[in-house]
Amino acid sequence: DTPHFSANDWEVAIPARNLSRAIEIIDQTMDRSSTQCFPIFGVLIRFDRVSNSTLLSGNSPDDNFILGEQIAHIEFQNYRPYGLPDSYVNDYNQQYYNILTTMINELHARPHWGKNADYIFSHPTTLEVNRERIQQFNTVIAQMDSNGTFATNFHLNAGFGWPNLGQPQ
């Protein structure tokens, strides 16, 4: 059975110093849309700090995310339409994609790995922002899964690589 109602979950992390601009981006994008509704539960904002505890999360330090600095996780959901043409669904999601890509381009936002749409992770700015950390992760992949047992198209599109992908073990 195809569900009749569900939701897309979108989330990025940004340095908290950029929060005012992030809210402007959301407000301006939603103001331009005469056919879309505001996210289901509004916009959720959680705060955290940049730390060395992970390699690829929104909390990882780099030139734009300074160790110890406060960050904001910005999350919103929208209805996921079912049974409609892909062109309609793509148009429907375009404003949310615009919000995320503007934040990625302007604010160095980092998409949450367990949320968002796949194309957010293959966005050129996201690929560049994650490049060094993914290269580090790829050295672990080469040691532990060089043949790609756990490889998926999502991972490949997001910049992960397997040196012996598709070769027998």
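- Annotation: side-chain contact (heavy atoms from CB on, under 4.5 Å) contacts of Q70 (sequence neighbours excluded): A16, F47, R49.
- In this structure, the separation between OH on Y96 and CG on D9 is 12.5 Å, given to the nearest 0.5 Å.
- To the nearest 0.5 angstrom, I14 atom CD1 is 6.5 Å from M103 atom CE.
- R133 approaches P61 most closely through the heavy-atom pair NH1-O, 4.5 Å.
- For the residue pair V43 and I74, the shortest heavy atom distance occurs at CG1-CG2, 3.6 Å.
- How far CD1 of I99 is from CG of D27: 10.0 Å, rounded to the nearest 0.5 Å.
- V140 is not listed as a side-chain neighbour of L55, based on a closest heavy-atom distance of 4.5 Å or more.
- Ring pair F137/W113: centre-to-centre distance not below 6.0 Å.
- Closest of all the heavy-atom pairs between V12 and A109 is CB-CB, 3.8 Å.
- Here L100 contributes atom CG and N116 contributes atom CG; the two are 5.5 Å apart, rounded to the nearest 0.5 Å.
- N105 places a side-chain N or O within donor-acceptor distance of the main-chain N or O of T101, the cut-off being under 3.5 Å.
- At distances below 3.5 Å, at least one donor-acceptor pair connects side-chain atoms of T102 with backbone N or O atoms of N98.
- Here the CD1-OG1 distance, from I134 to T139, works out to 12.0 Å after rounding to the nearest 0.5 Å.
- Placement of I71 and I104 in two distinct hydrophobic clusters is found when ILVMFWY residues are connected by side-chain heavy-atom separations under 4.5 Å, directly or transitively.
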Apply side chain to side chain donor-acceptor pair (under 3.5 Å) to the pair N90 and Q94, showing each step before the final yes or no.
CA-CA 6 Å; N90 292 338; Q94 186 63 47; over 6 Å; no
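- The backbone N or O of T54 lies less than 3.5 Å from a partner atom in the side chain of S60, making a donor-acceptor pair.
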Let's go through Y97 and H123 carefully: what are the C-alpha distance in whole Å and the side-chain angles of both, what is the deciding distance for side chain to side chain contact (heavy atoms under 4.5 Å, CB included) to 0.1 Å, and is it a yes or a no?
CA-CA 11 Å; Y97 177 73; H123 184 278; 3.8 Å; yes
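- The side-chain heavy atoms of K115 and Q77, taken from C-beta on, include no pair separated by under 4.5 Å.
- By the ring-ring contact (aromatic ring centres under 6.0 Å, His included) test, F154 is found to be paired with F121, residues two or more places apart in sequence or in another chain being considered.
- Considering only heavy atoms from C-beta on, F150 stays 4.5 Å or farther from I141 through its side chain.
- For the residue pair L127 and G159, the shortest heavy atom distance occurs at CD2-N, 4.0 Å.
- A donor-acceptor pair is defined here as one N or O able to donate and one able to accept, closer than 3.5 Å; such a pair exists between the side chain of W162 and the backbone of D145.
- For the residue pair F65 and H108, the shortest heavy atom distance occurs at CE1-O, 3.2 Å.
- E132 CD: 12 or fewer foreign heavy atoms inside a 6.0 Å radius.
- A donor and an acceptor atom, one from each side chain of D118 and N157, are nowhere located under 3.5 Å apart.
- Summarising the geometry, atom CZ belonging to R110 is positioned 10.0 Å from atom NE2 belonging to H73; distances are rounded to the nearest 0.5 Å.
- Residues meeting the side-chain contact (heavy atoms from CB on, under 4.5 Å) test with N164, sequence neighbours left out: S146, N147, Q167.
- Under a hydrophobic clustering in which Ile, Leu, Val, Met, Phe, Trp and Tyr are joined whenever their side-chain heavy atoms come within less than 4.5 Å, directly or via other members, V50 and V129 fall into different clusters.
- Across all non-hydrogen atoms, the minimal contact from P15 to E69 is CB-OE1, 3.8 Å.
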